[in-house]
Amino acid sequence: MTDNTSNKMWGGRFAAGPDAIMEAINASISFDKRMAAQDIAGSRAHAAMLAATGIIRDSDAEAIREGLLTILSEIEGGKFEYSAALEDIHMNVEARLKEVIGEPAGRLHTGRSRNDQVATDFKLWVRDQFDAFEGGLIALIHALLGQAEAGADWVMPGFTHLQTAQPVTWGHHMMAYVEMFGRDLSRVRDARARMNESPLGAAALAGTSFPIDRDMTAQALGFDRPAANSLDAVSDRDFALEFLSTASISAMHLSRFAEELVIWSSAQFRFVALSDRFSTGSSIMPQKKNPDAAELIRAKVGRIFGANTALMMVMKGLPLAYSKDMQEDKEQVFDAADNLMLALAAMEGMVRDMTAQRDNLAAAAGSGFSTATDLADWLVRVLGLPFRDAHHITGSLVGMAEKQGCDLPDLTLTQMQSVHGDITEDVFGVLGVENSVNSRMSYGGTAPAQVRAQIKRWKGILA
Ligand code: ARG
C-alpha cells in the first residue's frame with residue numbers, strides 16, 4: 001500500500017508516506033506481533049513508573065494501564081487489527097491505545113524509545129523460551145532416567161567407530177545422554193541468569209533527562225537489575241545469540257540420539273522398538289514402520305544452527321548503538337525456539353514410549369569379540385604379561401576364532417594354549433559379557449552399580 005500520509009507515530013518531518021516496497025521491507029508486524037504480551041507488560045511497567053516518579057499524572061498512568069489491558073484482551077481474542085503501515089508491534093499497540101483512551105496515550109512514550117522497548121520485549125520473550133527450554137530438558141532427562149533405571153544392568157554392545165568395542169549397559173548408554181542434556185541445562189541456567197538485566201530506560205541510546213526509576217521497571221518485569229550502559233542495553237543481542245547457541249548445542253545432542261534411534265530401530269539392529277505413537281507407516285510398503293520423529297529431530301539441528309549463524313552474521317560489524325539490522329533477529333529466534341521445543345518434546349515422548357529389545361541387545365553384546373579387552377586384561381592381571389604382549393596374544397586368539405567362525409568363549413583351552421601355554425581354564429570366567437560389564441567398576445564406568453550411583457546422583461540434582 002502506497003500512502004501519501006506520513007507515519008502517524010514518527011511522520012512529523014515527512015511530507016509523503018513510504019513507497020509500498022519501503023513499507024514491505026521496513027514492517028516487522030507480521031512476526032513481531034508474537035511479542036504483543038511482552039510489549040504490553042513493558043508499557044504497563046513503564047507507565048506505572050512514570051506516575052510513581054511524578055513524570056506523568058497518576059490518572060493518565062491509570063488510563064494507559066487499563067487501556068493496555070483492553071488491547072491485550074483484543075489481541076488474545078483475535079480482534080486486534082494489525083497494520084503494516086504502523087510497522088511494528090510497538091506502534092500498533094500505541095496507535096490503538098490512542099483510539100481507546102485518547103490523549104493520555106501520547107504520554108506513554110515519555111523517556112522511552114522503541115530501541116529500549118524492543119530490546120525489553122525481545123528479552124522478555126527470549127527469557128520465557130529459556131524457561132521452556134529448561135523445562136523441556138528436565139522432562140527429557142527424567143524420561144532418560146526412567147529408561148536407565150529399568151535397564152541399569154541390561155547388556156548391549158558399546159561402539160567406537162560404530163564397530164563393536166566393549167559391552168556396556170543400557171543404563172550407561174542412557175546416562176551418557178543425561179550428562180549431555182544435563183550440561184545443556186546448566187548452560188541454559190547460566191545464560192538465563194546472565195541475560196536478566198533490563199534495557200528499559202536506556203531510551204534511544206543515551207538514557208534520558210527525565211527522572212525515571214529504572215530499578216522500579218526492572219523489578220516489575222522480573223529483571224534482576226537495570227542494564228548498566230544505555231548504549232549497550234539497546235544494541236545488545238547476546239541473549240538471543242546465547243539462546244541460539246545453547247539451542248544449537250542441545251539440538252546437536254538431540255541429533256546424535258535421534259541418529260542412534262534411527263539405527264537401533266532398523267531391522268538390522270532391532271535394539272529398540274519405537275511406539276506406534278512416534279512412528280509412521282509407508283504408503284506403499286505395508287511392512288514399514290518408520291522412525292520419522294527421530295529423523296526430523298535429527299534434521300532440526302540444521303535450521304537451529306542456521307539461525308545461530310544468521311544472527312551472528314547480522315550482528316557482526318554493527319556499530320553502536322541500535323541499527324535496523326537488528327530487526328532481523330526475531331524471525332531466526334522464533335523459528336529456532338519453536339523447533340527446539342518441538343524436538344525436545346518429541347524426543348521426550350519417544351524415549352518414554354520406546355522399548356529396549358533386551359534379548360537382541362544381549363545377543364549383540366556377546367558378538368564381535370566384545371570381551372577381547374577382558375581377555376587381554378586377564379593376561380596382564382593373572383599371568384603378569386605386559387599389556388602390549390597381552391594385546392598381541394589376544395589378537396591372535398581373535399584371528400583364530402574368526403577363522404573358525406566362532407566367538408572367543410567358544411575356543412577350547414587347548415586352542416588357547418597353542419597361542420600362550422600358561423593360559424588356564426580360569427580365563428573363561430572373564431569372557432562372559434555380564435562379567436565384563438560388572439568388572440568395569442571404575443568411577444563413571446559401565447558396571448550396573450556405577451550406573452545406579454549416577455542415576456541416584458542425577459535424581460538428587462533434579463529434586
Ligand atoms: N521494529 C523495530 C525492531 O524490531 C523496533 C525498533 C525500531 N527502532 C528504530 N529506531 N527505528 O528492531
Side-chain angles (χ1 to χ4, degrees), residues 1 6-14 17-19 21-43 45-46 68 71 75 80-97 108-129 195 198-208 217 221 227 229-241 243-244 307 310-337:
M1 179 194 75
S6 63
N7 187 291
K8 275 197 249 180
M9 313 301 286
W10 49 247
R13 74 184 291 271
F14 288 76
D19 187 90
I21 301 289
M22 179 60 207
E23 184 180 295
I25 194 171
N26 200 36
S28 53
I29 188 62
S30 64
F31 50 87
D32 65 17
K33 61 183 174 197
R34 284 189 71 170
M35 306 191 307
Q38 289 77 10
D39 193 69
I40 286 170
S43 289
H46 185 66
L68 287 167
I71 294 171
I75 290 172
F80 190 91
E81 272 185 43
Y82 295 103
S83 147
L86 289 166
E87 279 184 48
D88 55 27
I89 186 63
H90 325 295
M91 296 199 296
N92 269 267
V93 169
E94 198 184 319
R96 177 72 186 132
L97 187 64
L108 169 61
H109 214 50
T110 315
R112 182 178 81 165
S113 151
R114 269 191 297 155
N115 297 346
D116 58 337
Q117 191 178 356
V118 70
T120 304
D121 294 2
F122 195 32
K123 260 198 172 181
L124 291 173
W125 198 90
V126 171
R127 195 175 68 185
D128 284 349
Q129 299 303 308
M195 63 95 75
S198 173
L200 195 57
L205 74 168
T208 175
T217 46
L221 295 169
N229 182 299
S230 61
L231 289 166
D232 174 53
V234 291
S235 61
D236 164 42
R237 292 296 182 270
D238 290 4
F239 60 96
L241 288 166
F243 177 77
L244 293 174
L311 187 55
M312 285 293 277
M313 290 301 109
V314 167
M315 294 306 295
K316 174 192 171 295
L318 285 187
L320 296 184
Y322 177 84
S323 298
K324 193 67 173 250
D325 307 50
M326 291 179 194
Q327 182 166 287
E328 290 287 312
D329 54 6
K330 288 166 215 65
E331 283 166 292
Q332 300 296 342
V333 174
F334 292 165
D335 184 76

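Ligands are counted one by one from 1 in listed order, and the atoms in each one are counted from 1 as well.
- Under the rule for a ring pair (Phe, Tyr, Trp, His ring centres under 6.0 Å), the partners of Phe122 that lie at least two apart in sequence or sit in another chain are Phe239.
- Taking a heavy-atom cut-off of under 4.0 Å, ligand 1 is surrounded by Ser28, Asp32, Asp88, His90, Arg114, Asn115, Val118, Tyr322, Gln327, Lys330.
- Residues passing the side-chain hydrogen bond (donor to acceptor under 3.5 Å, both in side chains) test with Gln327, sequence neighbours excluded: Ser28.
- Between the side chain of Asp116 and the backbone N or O of Leu200 there is no donor-acceptor pair closer than 3.5 Å.
- The ring pair (Phe, Tyr, Trp, His ring centres under 6.0 Å) check on Phe14 picks up Trp10, with sequence neighbours excluded.
- You'll find the side chain of Ser83 reaches within 4.5 Å of the side chain of Asn92, heavy atoms only.
- Contact of the Ile89 side chain with the Ile29 side chain is registered, since non-hydrogen atoms from C-beta on lie closer than 4.5 Å.
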